[in-house]
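All remarks here apply to the structure that follows.
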Amino acid sequence: MEDYDVIVLGGGAAGLMCAAVAGQRGRRVLVLERAAEVGRKILISGGGRCNFTNIHTAPDRYLSANPHFAKSALSRYTAQDFLTLVERHAIAWHEKTLGQLFCDGSARQIVAMLLDECAAAQAQGGHVDIRCGEDIAEVAHAGGRFDVTTPSGTRSAPALAIATGGPSIPKMGASDFAYRLARRFGLRIVEPRPALVPLTLGGEDVLFRELSGVSAPVEARCGRAAFREAALFTHRGLSGPAILQVSSYWRPGDAVAIDFLPGMAPDWLVEAKRHAPRAHLRTVLAERLPDRLAATLAERIGLPGDLGNLPDKGLRAAGQRLADWRFHPNGSEGFAKAEVTLGGIATAELSSKTMEAKRVPGLYAIGEAVDVTGWLGGYNFQWAWASAVAAGTAL
Ligand code: FDA
């Protein structure tokens with residue numbers, strides 16, 4: 001039996017960060033990772049360039065049964081803190097849009113940085129041991145110690161951090177392991193659901209699937225959430241950043257409203273009639289939207305002929321419909337395509353300062369495994385870093 005101060009289950013974003021922080025505080029840390037290499041989601045993130053944080057990080061950009069839970073960790077380890085780390089490792093970066101920070105080079109630099117930070121534990125009297133290809137067979141808890149058994153042996157520590165993420169993208173090895181383990185310790189789970197996920201269309205909306213490949217800047221709304229970004233029609237329904245964002249707020253049965261021309265005055269079509277009475281609806285739409293989308297919208301609205309021959313009332317109604325086009329998604333593309341998971345280990349079970357389970361001293365949960373889910377755009381990694389630092393400085 002090998003003894004450690006801390007065992008971290010999962011060598012992803014949160015697990016590696018937590019191990020580095022605890023190691024640099026002199027702890028002997030073991031990271032057990034099931035995959036053949038660590039940080040696989042980091043490697044594929046942001047199209048291979050890793051959108052590693054967002055400078056607009058704020059608690060209201062996270063979904064959780066307790067919207068206050070993330071405040072403490074996010075305020076004690078900020079986007080600027082992570083950026084300082086990135087710069088200390090001389091990783092070149094850029095802001096793409098909406099505060100989203102990416103590596104200029106490759107996401108591999110972020111994984112290498114985290115591994116360097118783990119190695120730096122040595123200089124502080126600590127040690128981080130990373131073992132890949134380790135399938136966890138059993139976790140026992142007795143006498144204040146956690147014994148973790150894999151086919152290669154049993155290791156023991158007084159502290160255990162669950163950092164095995166959520167079930168999104170099972171083909172990358174993602175699973176509900178964190179929830180099963182947490183339940184065994186009596187922790188409650190908020191029902192997991194796919195988030196940041198494309199939505200599927202059927203019924204009346206099915207015709208829009210013919211627009212597969214067409215994208216446009218829109219405002220997408222679901223309930224009180226509204227996002228002004230691109231929407232993309234796919235052969236199954238709707239995707240693109242605006243749709244991924246609202247998908248986290250969408251529940252089966254909800255409508256998704258799209259404003260195809262955000263920022264236009266309510267009676268812009270009446271104005272267009274004054275300026276170009278011989279134009280057709282399709283033509284004026286095509287001046288502002290991709291041609292195929294303009295054609296489909298004009299066809300569905302009706303109103304054939306010159307604008308000059310159409311009543312203002314009809315044009316106003318058409319303008320309103322274009323600003324509030326209702327889609328009724330019949331589902332989502334599920335965990336197979338979801339970038340993250342909503343729900344997870346209930347925050348009510350954890351200390352917001354340390355991420356330690358209130359009822360199981362020594363047990364911690366961090367990252368996506370916890371019921372805290374960020375918007376698209378670097379927010380989820382920032383939660384992984386911040387929750388990992390909260391735990392790493394406590395255990
Ligand atoms: P993460 O999933 O990173 O790590 C969990 C680790 O545990 C994995 O290495 C896994 O193999 C391991 N594991 C699982 N079960 C285990 C077991 N039983 N035993 C041992 N190990 C086990 N976010 C963002 O902010 N910016 C972005 O650009 C992107 N881009 C992006 C693209 C794609 C395609 C996806 C799928 C996701 C993103 N994300 C993102 C989300 C981001 O990847 C996610 O929020 C973090 O990786 C979560 O970090 P965790 O460490 O919690 O889990």
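Indexing begins at 1, ligand by ligand and atom by atom, following the structure's order. By convention here, the first residue in the shown sequence is residue 1.
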Centroid-centroid under 6.0 Å between F208 and F327 rings: yes

Contact check, E339 vs ligand 1, heavy-atom distance below 4.0 Å: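 A heavy atom of E339 does come that close to ligand 1.
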
Within-shell test, V340 vs ligand 1, heavy atom, strictly < 4.0 Å: yes

Can you see whether [X] engages [Y] through a side-chain donor-acceptor pair at a distance of less than 3.5 angstrom?
| X | Y | result |
| --- | --- | --- |
| R61 | T57 | no |
| W93 | E87 | yes |
| T150 | R34 | no |

Element-labelled atoms of ligand 1 that are located less than 4.0 Å from some non-hydrogen atom of [X]:
| X | value |
| --- | --- |
| N380 | 23 (N), 25 (O), 45 (O) |
| L32 | 20 (C), 21 (N) |
| G367 | 52 (O) |
| I44 | 34 (C) |

Checking a contact table here: which protein heavy atom is nearest [atom], and how many Å away?
| atom | value |
| --- | --- |
| atom 49 (O) of ligand 1 | A13 CB, 3.7 Å |
| atom 19 (N) of ligand 1 | I136 CD1, 3.0 Å |
| atom 1 (P) of ligand 1 | G12 CA, 4.2 Å |

Is any N or O atom of [X], backbone or side chain, closer than 3.5 Å to an N or O atom of ligand 1?
| X | value |
| --- | --- |
| G377 | no |
| R34 | yes |
| D135 | no |
| A35 | no |
| E368 | yes |
| G173 | no |

Selection from F177, F52, F381 by shortest heavy-atom distance to atom 43 (O) of ligand 1: F381

Option set K41, R49, E33, criterion heavy-atom distance to atom 2 (O) of ligand 1, minimum: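 Nearest option to atom 2 (O) of ligand 1, by heavy atoms: K41.
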
Partners passing side chain to side chain donor-acceptor pair (under 3.5 Å) against Q122 (at least two apart in sequence or in another chain):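 Q122 satisfies side chain to side chain donor-acceptor pair (under 3.5 Å) with H127 once adjacent residues are dropped.
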
Under-4.0 Å heavy-atom contact with ligand 1, by part of N51 that carries it: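 Both the backbone and the side chain of N51 come within reach of ligand 1.
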
Part of A163 within contact of ligand 1 (heavy atoms, under 4.0 Å):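 Near ligand 1, A163 shows its backbone, while the atoms from C-beta on stay back.
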
Using atom types as modelled, flag every donor-acceptor pair under 3.5 Å from a side chain in residues 328-340 to any protein atom, sequence neighbours excluded.
{"residue": "N330", "atom": "OD1", "partner": "T200", "partner atom": "OG1", "Å": "2.7"}
{"residue": "S332", "atom": "OG", "partner": "G334", "partner atom": "N", "Å": "3.0"}

In one Ile/Leu/Val/Met/Phe/Trp/Tyr side-chain cluster, 4.5 Å: Y179, L160: yes

Connected via hydrophobic side-chain network under 4.5 Å: L32 and L181: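 They do share one cluster, since a chain of ILVMFWY contacts under 4.5 Å joins L32 to L181.
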
Trace of the salt bridge (Lys or Arg N to Asp or Glu O under 4.0 Å) decision for R49 with D104: CA-CA 7 Å; R49 289 217 162 87; D104 287 357; over 6 Å; no

Lys/Arg-Asp/Glu bridge criterion (N-O < 4.0 Å) met for D259, R228: no

Neighbour count >12 (heavy atoms, 6.0 Å) for atom CZ, R251: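 At most 12 heavy atoms, drawn from other residues, nucleotides or ligands, come within 6.0 Å of this atom.
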
